[in-house]
Amino acid sequence: MIDDLDLGFDEQDRGEKGKHRRGAVRKRKGGGGGRGRTALALLLTLALLGGIGGGAFYGFDRIQAYFVTPDYDGAGTGEVTVEIKQGALLADMATALVAADVVKSAKAFIEAAEANARSTNIQPGTYKLRKQMSGESAVAAMLDLKNKIVNGVTIPEGRTAKNVYKLLSEKTKIPVKDFEAAAKDPIARGVPDWWFKRTDGKKTKPAIEGFLYPDTYEIPPKATAETIIEQMVENFLTVSGEMQFADRVQKERGGISPYEALIVASLAQAEAGNKDDLGKVARVAYNRAYGEFPCNCLEMDVTVNYYLELIGKDTKTSAEMSEKELLDTKNPYSRKLRGMIPTPINNPGKQAMEGAMDPPPGKWLFFVAIDKEGHSEFAETVEQHERNKVKARENGVI
């Protein structure tokens, strides 16, 4: 009976599809031993069938399909585009390729990837491939950057949502108004509703600001405003999740909500002239809004500028702002507003988020840039701050 034969495969060969991840492709032991065992099993089966009689060969095709990986030959024909999503497992890539008829079976692609040490370099994105390629040819094609459709756009750190829409529109030709409409409901775009909960007693109206994570994005050929914003939100959730941003803020920031900490990250991103100062600026924001600052207000001009941009007006330097603009408490982003402002004022990067999540200890209430590289001096008292301002004037900064 065939059941009594050791046909050269074991339980480890079964059900491995879901275990392969991009960047961690596992090789079979023995450099191709799996194929050797498969061939041996097929020969033994053929010998057995030969002993039974020629009539048994009616089932040969089925037996061959069981032991031999279904695969196309050669480099394929025609042209097809295939999107490999961010974080795709090797098995996910294989499934996408089978669906597009690039490879004949998922196993053909996975085995070819296992045999190629460079397969860990396959990146997410959109690829221009051929139909009916061998698994080996498909792997080689995806490693050739000439076959990757590059339609990238870089979103710098600290850009407001309005500015992000403009950058995206210039690259994709999708109208700005489409991005504005898509972003009106951030929860529909993938931001969990718990992100908008605050512990300072202030009501929150969900807004997309803060969740459009700055990065370089490859835009798929048929992307819409909705799918692009969802891609950016998903990236934010991935990065903040890997940082454990929400968990650490809740545990370590004395009852401040993750959303309030995200607002602080945006303030640090806007105010710090140098990445080394991001955490210290975040500490100043916490100290002013929640600490011993007399007005418990932020007193940062960047919040006024954000409001001006929000209502369609030109932003200004601090010297250009009128006293009415600086002191207007009807402005929801007023520098004199008690406590924390309603939303982030831009989309901060990872380092700014780290600074807000884990700021250095200090009682600083003031800071001023003191050199042309953007480094700031921090002070606890008005007297110290005035001395730092003198240094800044001497260096020609203010």
Side-chain angles (χ1 to χ4, degrees), residues 22 78-89 92-102 122-129 131 142 145-196 204-242 259 262 266 306 309-310 312 343-350:
R22 180 176 59 79
E79 189 175 287
V80 65
T81 59
V82 178
E83 182 186 359
I84 302 300
K85 295 186 180 295
Q86 186 77 32
L89 310 180
D92 297 327
M93 297 181 193
T95 299
L97 294 173
V98 171
D101 196 27
V102 173
I122 295 176
Q123 297 296 315
T126 303
Y127 291 84
K128 183 169 62 177
L129 303 170
K131 288 195 172 187
M142 295 176 74
L145 294 180
K146 289 185 293 186
N147 295 317
K148 192 175 183 185
I149 300 173
V150 179
N151 187 28
V153 58
T154 298
I155 306 300
E157 297 169 340
R159 296 297 179 95
T160 63
K162 278 182 170 289
N163 194 272
V164 170
Y165 303 152
K166 183 179 178 181
L167 291 173
L168 291 171
S169 181
E170 289 171 354
K171 182 66 179 180
T172 65
K173 308 307 177 188
I174 298 172
V176 168
K177 64 179 182 180
D178 288 7
F179 288 104
E180 291 174 338
K184 280 186 177 179
D185 186 353
I187 295 173
R189 299 284 76 81
V191 182
D193 59 357
W194 60 261
W195 261 103
F196 299 106
T204 303
K205 181 180 179 181
I208 202 70
E209 198 78 76
F211 299 98
L212 301 175
Y213 188 74
D215 204 343
T216 296
Y217 293 89
E218 285 198 25
I219 309 299
K222 296 181 180 180
T224 64
E226 288 83 358
T227 60
I228 293 171
I229 289 177
E230 287 166 5
Q231 183 182 3
M232 299 179 76
V233 168
E234 183 180 0
N235 198 9
F236 169 85
L237 295 175
T238 298
V239 173
S240 61
E242 289 172 349
Y259 190 60
L262 185 61
S266 75
Y306 178 71
E309 182 179 345
L310 208 60
T343 70
I345 61 169
N346 58 47
N347 295 279
K350 184 177 181 181

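Note that these values count all heavy atoms, side chains included, but never hydrogens, waters or copies made by symmetry.
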Engineer: May I have all residue pairs that pass side-chain hydrogen bond (donor to acceptor under 3.5 Å, both in side chains) and include part of residues 173-187, sequence neighbours excluded?
Structural biologist: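 As it turns out, there is no side-chain hydrogen bond (donor to acceptor under 3.5 Å, both in side chains) pair with a partner in residues 173-187 once direct neighbours are skipped.
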Engineer: Which heavy atom of Leu262 sits nearest a heavy atom of Pro348, and at what distance?
Structural biologist: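 Minimum heavy-atom contact is CD1-CG, 4.0 Å.
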Engineer: Is there a side-chain contact between Lys205 and Thr343 in this structure, where contact means two heavy atoms from C-beta onward sitting under 4.5 Å apart?
Structural biologist: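 Side chain of Lys205 against side chain of Thr343, heavy atoms only: no contact under 4.5 Å found.
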Engineer: Check whether any side-chain heavy atom of Val82 sits under 4.5 Å from a side-chain heavy atom of Val102, and report yes or no.
Structural biologist: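 Heavy-atom side-chain distance check passes, below 4.5 Å.
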Engineer: Could you pull out the closest heavy-atom pair between Gly349 and Pro214, with the gap in Å?
Structural biologist: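 Heavy-atom minimum between the residues: CA-CG, 3.7 Å.
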Engineer: Please answer whether the main-chain N or O of Met232 pairs with a side-chain N or O of Asn235 as donor and acceptor at a distance below 3.5 Å.
Structural biologist: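 No, Asn235 side chain to Met232 backbone: no donor-acceptor pair under 3.5 Å.
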Engineer: Taking all heavy atoms of Ile174 and all of Ser169, pick out the closest pair and write down the distance.
Structural biologist: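 Taking every non-hydrogen atom into account, O-OG, 2.7 Å.
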Engineer: Main chain of Asn151, side chain of Lys171: is a donor-acceptor contact present, judged purely on distance under 3.5 Å?
Structural biologist: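 A pair under 3.5 Å: no.
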Engineer: Please answer whether the main-chain N or O of Phe236 pairs with a side-chain N or O of Ser240 as donor and acceptor at a distance below 3.5 Å.
Structural biologist: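 Here the side-chain-to-backbone pair exists.
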Engineer: Do the non-hydrogen side-chain atoms of Phe196 and Val191 ever get within less than 4.5 Å of each other?
Structural biologist: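 Heavy-atom side-chain distance check passes, below 4.5 Å.
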Engineer: With sequence neighbours left out, what residues match Arg159 under salt bridge (Lys or Arg N to Asp or Glu O under 4.0 Å)?
Structural biologist: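 Expected list: none.
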Engineer: With sequence neighbours left out, write down each residue that passes salt bridge (Lys or Arg N to Asp or Glu O under 4.0 Å) with Lys350, or none if nothing qualifies.
Structural biologist: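 Not a single residue meets the salt bridge (Lys or Arg N to Asp or Glu O under 4.0 Å) criterion with Lys350.
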Engineer: Do Ile155 and Leu212 have side-chain heavy atoms sitting under 4.5 Å apart?
Structural biologist: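 No; the side chains remain at least 4.5 Å from each other.
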Engineer: Are any side-chain N or O atoms of Ser266 and backbone N or O atoms of Ile345, one a donor and one an acceptor, separated by less than 3.5 Å?
Structural biologist: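 Here the side-chain-to-backbone pair exists.
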Engineer: Can you tell me how far NZ of Lys85 sits from CD of Gln231, rounded to the nearest 0.5 angstrom?
Structural biologist: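 That separation rounds to 8.5 Å.
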Engineer: Using the rule given for side chain to side chain contact (heavy atoms under 4.5 Å, CB included), can you reason through Leu145 versus Tyr127, listing the C-alpha separation, both sets of side-chain angles and the distance that settles it, and then say yes or no?
Structural biologist: CA-CA 9 Å; Leu145 294 180; Tyr127 291 84; over 6 Å; no
Engineer: Do Phe179 and Thr172 make a side-chain contact, defined as non-hydrogen atoms from C-beta onward lying under 4.5 Å apart?
Structural biologist: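 They are in side-chain contact.
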Engineer: Rounded to the nearest 0.5 Å, how far does OG1 of Thr154 lie from CG of Leu167?
Structural biologist: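 Answer for the CG-OG1 pair, Leu167 versus Thr154, is 9.5 Å.
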Engineer: Could you measure the distance from the OG1 atom of Thr81 to the CG atom of Asn147? Nearest 0.5 Å is fine.
Structural biologist: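 The OG1 atom of Thr81 sits 12.0 Å away from the CG atom of Asn147.
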Engineer: Between Val153 and Thr216, does a side chain to side chain contact (heavy atoms under 4.5 Å, CB included) hold up when you go through it step by step?
Structural biologist: CA-CA 6 Å; Val153 58; Thr216 296; over 6 Å; no
Engineer: Quick one, Leu129 with Glu79, criterion side chain to side chain contact (heavy atoms under 4.5 Å, CB included). Give me CA distance, side-chain angles, the key distance, then yes/no.
Structural biologist: CA-CA 6 Å; Leu129 303 170; Glu79 189 175 287; over 6 Å; no
Engineer: Is there side-chain contact between Tyr306 and Thr160, with at least one heavy-atom pair below 4.5 Å?
Structural biologist: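 Result yes, sub-4.5 Å side-chain heavy-atom pair found.
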Engineer: Minimum heavy-atom separation for Asn346 to Gly158, with atom names?
Structural biologist: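 The pair with the smallest heavy-atom distance is CB-O, 3.3 Å.
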Engineer: Can you find a heavy atom in the side chain of Pro206 that is under 4.5 Å from one in the side chain of Pro186?
Structural biologist: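 Sidechains of Pro186 and Pro206: in contact.
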Engineer: In the structure I gave you, are the side-chain heavy atoms of Trp194 and Tyr259 within less than 4.5 Å of one another anywhere?
Structural biologist: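 SC-SC contact between Trp194 and Tyr259 ruled out.
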Engineer: Mind checking salt bridge (Lys or Arg N to Asp or Glu O under 4.0 Å) for Glu230 and listing every partner two or more places apart, or none if nothing turns up?
Structural biologist: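 Scan of Glu230 (salt bridge (Lys or Arg N to Asp or Glu O under 4.0 Å), adjacent residues dropped) gives Arg189.
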Engineer: Excluding sequence neighbours, so at least two apart, what forms side chain to side chain donor-acceptor pair (under 3.5 Å) with Thr227?
Structural biologist: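 Result, side chain to side chain donor-acceptor pair (under 3.5 Å) vs Thr227: Thr224.
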Engineer: Hey, what do you get for CG (Leu97) to NZ (Lys131), rounding to the nearest 0.5 Å?
Structural biologist: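 Leu97 atom CG to Lys131 atom NZ measures 13.0 Å (nearest 0.5 Å).
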Engineer: Who pairs with Glu209 by salt bridge (Lys or Arg N to Asp or Glu O under 4.0 Å), at least two apart in sequence or on another chain?
Structural biologist: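 Salt bridge (Lys or Arg N to Asp or Glu O under 4.0 Å) check on Glu209 returns nothing, list empty.
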Engineer: Taking Phe211's backbone N and O only, do any of them form a donor-acceptor pair with Asn347's side chain (distance below 3.5 Å, no angle check)?
Structural biologist: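 Yes; at least one donor-acceptor contact below 3.5 Å.
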Engineer: Does any donor atom in the side chain of Thr126 or Glu218 lie under 3.5 Å from an acceptor atom in the other side chain?
Structural biologist: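 No, no side-chain donor-acceptor contact under 3.5 Å.
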